[in-house]
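Notes for the one structure printed next.
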Amino acid sequence: MRIEQDLKLGFKDVLFRPKRSTLKSRSQVDLTRDFTFKHSGRQWSGVPIIAANMDSVGSFDMAIALAQHKVMTAIHKHYTVEQWAEFINANDASVLNNVMVSTGTSDADFQKTKDIMALTDDIIFICIDIANGYSEHLVEYVERVRAQFPDKVISAGNVVTGDMVEELILAGADIVKVGIGPGSVCTTRVKTGVGYPQLSAIIECADAAHGLGGRIVGDGGCSCAGDVAKAFGGGADFVMLGGMLAGHSESNGEVIEQDGKQFMKFYGMSSQSAMDKHSGGVATYRAAEGKTVLLPYRGSVNFTIQDIMGGVRSTCTYVGAAQLKELTKRATFIRVQEQENNVYGKE
């Protein structure tokens, strides 16, 4: 046993320090990024925000809505190949270039991914997603998927330390997904005692990935636009959002009416709700590691994504970053004890 004494930080522990800026308006800030990925050699241009591959967030409807804003969606893995075929037939490259096919690491998952990818050349992203990215099995699976799809962009995770980021990139991942336990409906940290404050995880993992020409996606922990900006400021190339994009008509969650008000069910993908729905219940050898909550129904996602992007643009103007890619170079974080004045409640 050993104890690391270094302080690790979450989004709530810091604020950006403002700097002089030549920008006159938020409208001058460019949020698009242009990436060429390490292994696939693929190029992609867009706003590097990703709707999470949760079945009450990462829907086909969400992908269609967010693609209008050049924002990505990691489609949850519970659609059938037939449903994928229907979605692909109704949409063009402007949508399909901005979706990720999510997969686990079983032989059945591998075959399903092959079947989906065979339907079109317009889908370029594969998201290999397991809760514990420290399993040697994930490294082997990344190698297998890279061999099968040499020209596709592969994301893999989740991990929170630089050593594993490096191993996954060397195994063939273009992007590594970073985050264990920060999500709003994740209970991994209380069920297992395992985790890592998300801002420090992003800073350390970005440093490891960028040294090898790889990329990272900060997955989880954002509760407001300011947190999204902090993730980018910490070095995240992409930021994945779950709860912030849940509760909308495009989320395809279950709508429940209580006392004349509409709510939408939102739950973690390791929760009792998710396992009852997709796996026939919680297996006897494991514990549920997610919450189930009811969110006020929020209508269309369009206003929400515009609000998030507007917040990040505003961050950029405060620190003098004309482009999103400049934000991490312009970022100075200060440690704080408080974030906001809550005398009239939270925003």
Does a sphere of radius 6.0 Å around NZ in Lys12 hold more than 12 heavy atoms from other residues, nucleotides or ligands, not counting ones at 6.0 Å or beyond?
no
Quick one: do Ser59 and His76 satisfy side-chain hydrogen bond (donor to acceptor under 3.5 Å, both in side chains)? Show the steps, please.
CA-CA 7 Å; Ser59 70; His76 69 73; over 6 Å; no
Taking atom types as modelled and ignoring hydrogens, do the side chains of His210 and Asp237 form a donor-acceptor contact shorter than 3.5 angstrom?
yes
Exam field: side chain Asn91 to backbone Phe87, donor-acceptor pair closer than 3.5 Å
yes
Passing candidate, salt bridge (Lys or Arg N to Asp or Glu O under 4.0 Å) with Asp174, options Arg42, Lys38, Arg146
Arg146
Enclosure of Asp307 CG (heavy-atom neighbours >12, cutoff 6.0 Å)
yes
Lys/Arg N to Asp/Glu carboxylate O, Asp107 vs Arg144, below 4.0 Å:
yes
With no hydrogens and no angle check, is any side-chain donor or acceptor of Asn97 less than 3.5 Å from a backbone partner on Asp122?
yes
I'd like to know whether the aromatic ring centres of Phe263 and Tyr297 sit less than 6.0 Å apart in this structure.
no
Please determine if Lys177 and Asp219 form a salt bridge, counting it only when a charged side-chain N lies under 4.0 Å from a carboxylate O.
yes
Closer than 3.5 angstrom, by distance alone: can the side chain of Glu86 be matched with the main-chain N or O of Gln83 as a donor-acceptor pair?
no
Working note: Val190 + Thr187, criterion side-chain contact (heavy atoms from CB on, under 4.5 Å); need CA distance, chi angles, decisive distance, verdict.
CA-CA 6 Å; Val190 292; Thr187 59; 3.7 Å; yes
Assess the residue pair Phe232 and Thr328 against the criterion (side-chain contact (heavy atoms from CB on, under 4.5 Å)); give the C-alpha distance rounded to whole Å, side-chain angles, the decisive distance to 0.1 Å, and a yes or no.
CA-CA 6 Å; Phe232 285 127; Thr328 187; over 6 Å; no
Is it the case that the side chain of Asn53 and the backbone of Ser102 share a donor-acceptor pair, with hydrogens and angles ignored and the cut-off at 3.5 Å?
no
Exercise: do Lys19 and Thr332 side chains pair donor with acceptor under 3.5 Å:
yes
Nearest atoms (heavy-atom pairs only) where Leu241 meets Val228:
CD2-CG2, 3.8 Å
Output the distance between atom CD1 (Ile256) and atom CD (Gln262), rounded to the nearest 0.5 Å.
11.0 Å
Apply side-chain hydrogen bond (donor to acceptor under 3.5 Å, both in side chains) to residues Thr304 and His248 and explain how you reach the verdict.
CA-CA 9 Å; Thr304 298; His248 296 91; 2.7 Å; yes
Just by modelled atom types, is the Ala108 backbone N or O under 3.5 Å from a matching donor or acceptor in the Gln111 side chain?
no
So for atom CD, which belongs to Gln323, do other residues, nucleotides or ligands contribute more than 12 heavy atoms lying within a distance under 6.0 Å?
yes
Do any N or O atoms from the side chain of Ser314 and from the backbone of Gly310 form a donor-acceptor pair under 3.5 angstrom?
no
For Phe16 and Tyr318: C-alpha separation, side-chain torsions, deciding distance, then whether ring-ring contact (aromatic ring centres under 6.0 Å, His included) applies.
CA-CA 9 Å; Phe16 284 97; Tyr318 271 110; 9.6 Å; no
Can you list the steps and then say if Asn98 with Trp44 is a side-chain hydrogen bond (donor to acceptor under 3.5 Å, both in side chains)?
CA-CA 9 Å; Asn98 288 297; Trp44 177 85; 3.1 Å; yes
Interatomic spacing from CE in Met117 to CD1 in Ile126 - rounded to 0.5 Å
4.0 Å
Please test Val194 against Arg189 for side-chain contact (heavy atoms from CB on, under 4.5 Å), starting from the C-alpha separation and ending with a verdict.
CA-CA 5 Å; Val194 176; Arg189 291 177 181 176; over 6 Å; no
Spatial distance of atom CD1 (Ile50) from atom OG1 (Thr73) [nearest 0.5 Å]:
9.0 Å
For the aromatic rings, using the six-membered ring if either is Trp, is the centroid distance between Phe238 and Phe35 under 6.0 Å?
yes
